[in-house]
Amino acid sequence: EPEVTQTPSHQVTQMGQEVILHCVPISNHLYFYWYRQILGQKVEFLVSFYNNEISEKSEIFDDQFSVERPDGSNFTLKIRSTKLEDSAMYFCASSESPGANREAFFGQGTRLTVV
Amino acid sequence: EDQVTQSPEALRLQEGESSSLNCSYTVSGLRGLFWYRQDPGKGPEFLFTLYSAGEEKEKERLKATLTKKESFLHITAPKPEDSATYLCAVQAGGYQKVTFGIGTKLQVIP
């Protein structure tokens, strides 16, 4: 069964450092998303990406964050100048369609710990 | 602002004891309501999409229903492997953003 792959599974970084989280979406999917889940809290939408550009972003997704599709298979989330409150699980997801009939497949997540 | 409230926060059932999870929502122009299952340390796993009031969908022991204000996830004769957190989420018309609830943590005891 096709799946979304995220690496690394756990990333520990010093406050103020930059991190890049990696995702390989399902190969025939065209829409990509990043979500985060702070421990014990709701899953929160960060950004959606289609046709090599951001199609929608939340108020959380400020200038500290950026996304990129550097090649035909990878989709990355960059977090600059990390803060303690950036510690969370970050999930990548992909879907064939952005509409309500989409079935978004989520990766296993990257646990980011900022120390 | 879209809001999703799930209840109860936690539910403990005996194996075979049927029950329902509730998801109340407030959204401007519902485009879709989603149910996901999340196991500890894993990403959400898609279960259902419901589009309009009155719609129902079933998958094995799970049945999801939708009204204009809430959705229910009915679990019939649950098994221990149904233990997980069940997440409800909504998407408003014209947007790709999906708003999640906090989830209901279900534990099924043998």
Side-chain angles (χ1 to χ4, degrees), chain A residues 1-7 9-10 21 23 25-26 29-51 53-61 67 88-111, chain B residues 1-7 9-10 21 23-53 55 57 59 62 64 66 71 84-105:
Chain A
E1 187 174 322
E3 60 179 18
V4 175
T5 304
Q6 290 187 243
T7 55
S9 56
H10 191 189
L21 310 184
C23 171
I26 293 172
H29 286 186
L30 300 176
Y31 299 86
F32 314 117
Y33 315 87
W34 282 102
Y35 290 82
R36 79 174 185 189
Q37 186 175 30
I38 296 171
L39 187 64
Q41 297 187 24
K42 299 180 181 183
V43 175
E44 300 174 288
F45 170 82
L46 293 178
V47 67
S48 59
F49 191 87
Y50 169 71
N51 201 25
E53 60 181 24
I54 291 173
S55 49
E56 190 172 332
K57 61 182 181 179
S58 72
E59 53 277 4
I60 301 170
F61 194 89
V67 290
M89 281 287 282
Y90 287 82
F91 295 108
C92 173
S94 69
S95 67
E96 291 183 10
S97 161
N101 60 343
R102 76 179 187 203
E103 181 177 322
F105 288 80
F106 281 73
Q108 297 296 290
T110 292
R111 180 173 298 283
Chain B
E1 184 181 329
D2 302 339
Q3 289 191 353
V4 178
T5 303
Q6 292 187 247
S7 61
E9 287 193 9
L21 313 183
C23 171
S24 298
Y25 64 91
T26 303
V27 64
S28 179
L30 181 70
R31 194 172 182 188
L33 183 141
F34 309 94
W35 282 98
Y36 289 88
R37 168 190 171 130
Q38 187 176 28
D39 291 301
K42 303 284 183 67
E45 176 189 343
F46 174 82
L47 294 173
F48 304 109
T49 304
L50 301 168
Y51 299 105
S52 57
E55 189 174 1
K57 287 194 176 172
K59 180 179 180 179
L62 301 177
L66 181 65
S71 177
T85 295
Y86 290 85
L87 304 175
C88 174
V90 296
Q91 183 181 21
Y95 297 95
Q96 295 178 26
K97 170 186 175 180
V98 173
T99 300
F100 281 82
I102 192 71
T104 292
K105 186 174 182 179

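Just so we're on the same page: letters track the sequence lines, and every chain starts at 1.
Taking both residues in full, the closest heavy atoms of V98(B) and Y35(A) are given as CB-OH, 3.6 Å, listed atom of the first, atom of the second, then distance. Of all non-hydrogen atoms in K42(A) and V4(B), the two that sit nearest each other are NZ-O, 3.5 Å. Across all their heavy atoms, F91(A) and G43(B) have their closest contact at CE2-CA, 3.3 Å.
Heavy atoms of Q37(A) lying under 4.5 Å from chain B belong exclusively to its side chain. Interface remark: F105(A) contributes no atoms to any contact with chain B (heavy atom separation under 4.5 Å). For a residue to count as touching a neighbouring chain, one of its non-hydrogen atoms must lie under 4.5 Å from one of that chain's; by this rule E45(B) does not touch chain A. Within the 4.5 angstrom heavy-atom criterion, only side-chain atoms of Y36(B), from C-beta onward, approach chain A.
With rounding to the nearest 0.5 angstrom, the CZ atom of F106(A) is 8.5 Å from the CG atom of L87(B). Separation of atoms CD (E103(A)) and CZ (F46(B)) is listed at 4.5 Å; rounding is to 0.5 Å. In this structure, NZ on K97(B) lies 5.0 Å from CD on E59(A), to the nearest 0.5 angstrom. Annotation: the span from Y50(A) atom OH to Q96(B) atom CD amounts to 10.0 Å, rounded to 0.5 Å.
Heavy atoms of other residues, nucleotides or ligands lying less than 6.0 angstrom from NZ of K42(B) number 12 at most.
Interface check for chain B: of the options Q41(A), E56(A), E44(A), K57(A), the most heavy-atom pairs under 4.5 Å are formed by E56(A).
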